[in-house]
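Structure record follows, encoded as structure tokens.
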Amino acid sequence: MDLASFIGGVVAALTGVCATVLVTEKIEEKKHSFESQKALSRLYIELASLQEECSSALSMLQDTYYRGWRIEKGIQADSMWDGLSIPKAPSTIVLDAHIEKSLGELTSAQVQGIKTIRHLCKNIEVCISSLMQQVSEEKINLQTMKYCISVLCALYHLSLNMAEHKSRFIKIDKIPADVQDSVLSALDIDLSFDACAAYQPAI
């Protein structure tokens with residue numbers, strides 16, 4: 001074998017190796033992109049699920065708020081403890097897993113939204129824990145409950161918007177009071193004085 005043939009063979013072999021490496025990298029890139037897109041789709045599903053969890057929690061807290069209000073006012077105080085319940089904090093285990101896998105696909109607004117969601121979820125966990133402790137000690141603090149309702153409304157509103165708008169999501173420019181009013185109105189939850197005064201527990 002002459003030198004030219006040898007060099008040609010080496011070049012061909014190296015070219016083949018390089019081509020294989022490039023093809024492999026391309027396949028891995030496509031695989032990673034596919035997995036990220038799949039995780040992103042599941043993230044939107046989990047955000048919609050989170051919104052539903054918040055809706056259920058708020059509905060339960062409506063009844064609990066009425067009872068707490070009447071206990072605080074001394075109206076049917078003893079009977080109001082029967083059936084009083086506190087919702088579980090929304091679970092974010094599955095959501096967190098999809099967040100980690102889809103981070104590269106998120107816009108800056110979405111990343112900030114996710115950070116806010118995580119912060120709100122931690123606040124709700126602390127608040128729900130505090131309410132459960134209060135109930136176990138047969139005392140209720142309406143301010144704690146109001147704060148929990150406010151945070152749940154913010155989480156509901158944000159998760160709903162992120163799930164619906166996806167990559168078109170932009171920062172929500174609303175004050176907390178407006179967010180709470182719009183969410184409670186949408187869920188037909190009335191925490192007014194008249195609603196609390198008229199409340200009677202289901203038999």
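- A donor-acceptor pair under 3.5 Å links the side-chain atoms of Q110 to the main chain of T107, judged by distance alone.
- Here the shortest heavy-atom pairing between L184 and C153 reads CD2-SG, 3.8 Å.
- Within the structure, salt bridge (Lys or Arg N to Asp or Glu O under 4.0 Å) pairs that include any residue of residues 148-170 do not occur (at least two apart or interchain).
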Notebook entry, point to check: Are K171 and Q112 close enough, and set up right, to give a side-chain contact (heavy atoms from CB on, under 4.5 Å), and what steps lead you there?
Noted result: CA-CA 8 Å; K171 182 181 177 181; Q112 289 303 312; over 6 Å; no
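- The two residues V179 and A154 have their closest heavy-atom pair at CG1-CA, 4.0 Å.
- The backbone N or O of I140 sits nowhere less than 3.5 Å from a side-chain atom of T144 that would complete a donor-acceptor pair.
- The structure places CD of Q180 at 10.5 Å from CG of D178, a figure rounded to the nearest 0.5 Å.
- Among all heavy-atom pairs drawn from D96 and R118, the shortest one is OD1-NE, 3.4 Å.
- With sequence neighbours left out, the side-chain hydrogen bond (donor to acceptor under 3.5 Å, both in side chains) criterion links S130 to Q134.
- With hydrogens and angles left out, the side-chain atoms of D190 and S192 include a donor and acceptor closer than 3.5 Å.
- A donor-acceptor pair is defined here as one N or O able to donate and one able to accept, closer than 3.5 Å; no such pair exists between the side chain of R70 and the backbone of M80.
- The same ILVMFWY cluster, assembled from side-chain heavy atoms under 4.5 Å apart, contains both L47 and I172.
- In this structure a side-chain-to-backbone donor-acceptor pair under 3.5 Å is missing from E125 to A89.
- Under a 3.5 Å cut-off, the side chain of N161 and the backbone N or O of H157 do form a donor-acceptor pair.
- In this structure a side-chain-to-backbone donor-acceptor pair under 3.5 Å is present from T64 to M60.
- The two residues A163 and A48 make their nearest non-hydrogen contact at CB-N, 3.9 Å.
- Screening residues 63-84 for ring pair (Phe, Tyr, Trp, His ring centres under 6.0 Å) gives Y66-Y199, W69-F193 as the qualifying pairs, with residues at least two apart or on separate chains.
- A donor-acceptor pair is defined here as one N or O able to donate and one able to accept, closer than 3.5 Å; no such pair exists between the side chain of S185 and the backbone of D181.
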